[in-house]
Amino acid sequence: MAELARGAGNNAAAPLEKLWGEPEVADRGVSEPTLTVDVDGFEGPLDLLLHLARAQKVDLSRISVLALAEQYIDYINRVRKARLELAADYLVMAAWLAYLKSRLLLPKPQNDDQPSGEEMAALLQFRLKRLEAMRDAVARLVNRNRLGRDVFPRGMPEAVIVSKKSAFQATLYDLLTAYAAQRQRRAITNVQIAKRHVWSLKQAREILTRLVGTTYDWTPLDRFLIAFLTTPEERATARASSFAASLELVREGALEIRQMEAFGEIYLRSGPKAAKFNPGLAND
Amino acid sequence: MTDDDMTSIAAGGEGAETGPGVDELTFLEAKRMAEALVFASATPVSEKVLAERLPQGVDVRAVMEELKRDYSSRGVNLNRVEDSWAFRTAPDLAFLLNRDAVQQKKLSRAALEVLAIIAYHQPVTRAEIEEIRGVETSKGTLDLLLETGWVRMRGRRRTPGRPVTYGTTPEFLDHFGLEELGDLPGLEELKGAGLLSPRMPTNFSVPTPLSDPGVLADDEDPLTDIDLEELGLFAPKAEDE
Amino acid sequence: MTDDDMTSIAAGGEGAETGPGVDELTFLEAKRMAEALVFASATPVSEKVLAERLPQGVDVRAVMEELKRDYSSRGVNLNRVEDSWAFRTAPDLAFLLNRDAVQQKKLSRAALEVLAIIAYHQPVTRAEIEEIRGVETSKGTLDLLLETGWVRMRGRRRTPGRPVTYGTTPEFLDHFGLEELGDLPGLEELKGAGLLSPRMPTNFSVPTPLSDPGVLADDEDPLTDIDLEELGLFAPKAEDE
């Protein structure tokens with residue numbers, strides 16, 4: 001009987017996988033495409049990659065990164081063709097994968113200090129595995145015997161047993177919410193939200209830091225970023241302003257830049273102070 | 001089972017773990033007192049608080065461990081949460097009780113993921129959480145987790161910028177039935193696999209560089225012309241819309 | 001007492017009162033179920049409700065009487081009032097709870113606000129608190145905060161009127177789990193945690209809390225005994241009484 005009961009208790013596990021968003025999310029604002037696209041169902045590009053990787057039905061360490069990159073880029077291109085707005089994170093990942101693809105396919109030139117395609121692929125696999133591990137952890141956590149769902153406290157407590165010294169009750173969260181709410185109330189917060197038209201490459205690079213960390217070496221990434229981030233007519237301005245932004249970052253020490261020859265590819269890599277984007281990981 | 005039950009209680013009565021100099025009667029009385037104190041409270045009671053109230057010289061942990069054994073096969077169990085103790089209904093009786101359970105606010109998938117990352121990677125900064133998920137944490141997620149009381153700000157990382165670090169609370173352990181953080185499911189495996197480190201471990205299974213990356217390895221399946229439709233990423237438009 | 005205790009529990013275990021046709025295992029399981037149901041219920045549980053939940057054919061009264069005996073010598077007893085059942089602390093241990101019946105007081109919203117402002121902005125005077133909050137702070141609020149032991153008078157500001165300055169105590173850090181005041185989150189972190197809107201005016205700032213709250217600021221004078229007397233913290237010598 002006890003066994004039977006245990007089985008029943010665990011049925012409450014929430015289904016974690018849902019490819020389709022809520023109906024009201026799925027059909028918002030799509031003019032007349034022949035396909036309904038659900039990007040909202042994904043928690044960012046890594047999540048999307050994880051779904052694509054699962055479809056290969058092999059262990060994550062055995063997936064074909066090349067095939068995965070191609071699928072992802074294909075997907076993004078189809079979404080773009082359908083004239084749907086995509087969050088910049090997805091586009092930046094597409095740019096990085098396009099670069100990865102080129103590194104995997106083209107022979108490595110001599111004296112090349114850019115990361116090898118294999119290194120980049122390994123990094124991607126690591127990140128996918130790490131995220132998948134947390135997904136599994138969620139599933140295991142929510143299926144535990146949880147207080148208030150599977151196990152219960154005394155319904156009729158007789159006293160609050162506390163240590164003598166704190167007759168007053170307040171948490172740090174109480175304190176901070178009170179402070180933030182009060183200060184915010186007093187400050188005038190009638191600020192208009194600025195509509196973002198073009199994602200600058202500086203912003204893109206910040207997203208990239210979040211997506212692949214700060215470990216990337218000399219990369220001609222902007223070529224790839226430009227392709228995904230802007231429409232053809234905006235490219236010239238985007239390139240110009242991004243170059244200006246790059247110089248600014250070089251001045252700050254967040255970026256290093258090099259060009260081997262006139263009109264040649266512009267290479268970028270993180271500078272000595274780039275860690276400020278991601279302080280926690282710098283030297284822990 | 002009947003006899004075991006009672007024997008274990010009776011055996012407990014022998015007071016095998018009585019601290020030195022404390023007689024059996026004191027130990028038994030301490031058990032009754034601890035039982036009353038913990039039973040009276042809906043939230044876990046710390047050993048420190050118990051020590052203040054139990055007779056001098058009693059080994060609180062020993063008292064509690066014995067009480068825990070007494071209750072192990074009953075309908076109500078005594079659970080430890082770090083160094084605190086609480087009575088909870090036995091998990092196998094969930095079916096009996098959860099029809100009365102108040103429907104709790106469900107956390108979104110994203111919030112649960114952030115919660116798991118905080119639990120397994122703590123102390124962890126917001127930037128690190130975002131790096132692991134590869135996406136910005138949407139506004140309100142951390143706020144909501146702080147509000148549940150399962151997550152707290154722990155302190156600051158001693159690195160440039162001194163970012164605030166997040167961790168879990170005893171309420172988190174209590175809610176998920178964990179005695180301590182080390183009991184998080186799969187923790188050791190994940191650690192061993194290097195999946196809890198902020199950076200890719202140097203020994204992480206870097207795939208052997210393929211001479212020709214266009215050629216499939218032995219253990220790779222060819223990608224059939226997988227349709228994105230099949231993956232459920234594109235759905236054919238419904239006719240009647 | 002010890003031996004009697006165990007014997008009586010053991011005797012209960014024999015299941016002498018099992019209803020006809022119900023085997024011992026079912027009876028024991030019914031006991032566990034009843035125990036959990038009564039434990040988790042917010043009100044005494046009637047035998048009618050118990051009968052609905054326990055296995056068919058079990059003699060509810062017999063189950064409850066036996067549970068009552070099991071608990072009779074423990075720190076918690078099972079009591080019947082008419083035909084409803086509830087757990088209560090053993091009467092001889094009531095003193096334990098009376099001692100603990102400290103009603104935990106929740107701080108009001110206003111008190112929390114003032115406390116937070118003192119923590120972030122210390123040393124801060126009452127007038128400055130009011131300026132930040134935009135409303136007058138009642139003396140009662142400050143008195144209450146002093147009573148918590150989390151706030152103290154630090155000294156007097158060297159400005160006209162010599163207003164008293166307020167600050168936090170080591171108990172404040174201890175209670176809120178902070179190692180130092182610098183662990184309080186700053187502007188970016190409050191935004192990151194979703195507590196502040198990401199679009200605050202550009203001139204909005206959150207002060208960096210004092211690194212050493214024990215040291216007086218340059219414009220602070222220490223409190224003298226006369227000050228303390230004036231502030232009503234020392235009772236003046238009673239001469240006219």
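Lettering of chains follows the sequences in order, A, B, ..., and the numbering in each one begins at 1.
The main-chain N or O of C/Thr89 is found under 3.5 Å from a side-chain atom of A/Glu158 such that the two form a donor-acceptor pair. Under the 3.5 Å distance criterion, the side-chain polar atoms of C/Glu113 are left unmatched by any main-chain donor or acceptor of A/Ala181. Looking only at distances, no side-chain donor or acceptor of A/Arg183 sits under 3.5 Å from a matching main-chain atom of C/Arg133. For A/Arg154 (side chain) and C/Ser41 (main-chain N/O), no donor-acceptor pair under 3.5 Å exists by modelled atom type.
Listed by chain and residue number, nothing satisfies the salt bridge (Lys or Arg N to Asp or Glu O under 4.0 Å) test with A/Asp136 (two or more places apart in sequence, or in another chain).
Taken from CG in C/Leu190 to CD in A/Gln184, the straight-line distance is 10.0 Å, to the nearest 0.5 Å. In this structure, CG in C/Leu37 is found 10.5 Å from CZ in A/Phe152, a value given to the nearest 0.5 Å. In this structure, C/Leu107 CG and A/Leu175 CG are separated by 9.0 Å, a value rounded to the nearest 0.5 Å. With values rounded to the nearest 0.5 angstrom, A/Asp174 atom CG is found 7.5 Å from C/Phe176 atom CZ.
Contact of C/Phe87 with chain A is made through backbone and side chain together, with heavy-atom distances under 4.5 Å. When heavy atoms are compared at a cutoff of 4.5 Å, C/Glu147 approaches chain A by way of both its backbone and its side chain. For A/Thr171, the part lying near chain C is the backbone, with the side chain staying farther off; criterion is any non-hydrogen pair under 4.5 Å.
Ring geometry for C/Trp150 versus A/Phe168: interplanar angle over 60°, hence perpendicular rather than tilted (30 to 60°).
Within the structure, salt bridge (charged side-chain N to carboxylate O under 4.0 Å, His left out) pairs that include any residue of residues 80-90 of chain C do not occur (at least two apart or interchain).
A heavy-atom distance below 4.5 Å is not found between the side chains of C/Leu195 and A/Tyr179. With contacts defined as side-chain heavy-atom distances shorter than 4.5 Å, the pair A/Arg186/C/Phe204 does not qualify. Annotation: side chain of A/Leu172 is in contact with side chain of C/Leu184 (closest heavy-atom distance under 4.5 Å).
For the residue pair A/Met156 and C/Thr43, the shortest heavy atom distance occurs at CE-C, 3.7 Å.
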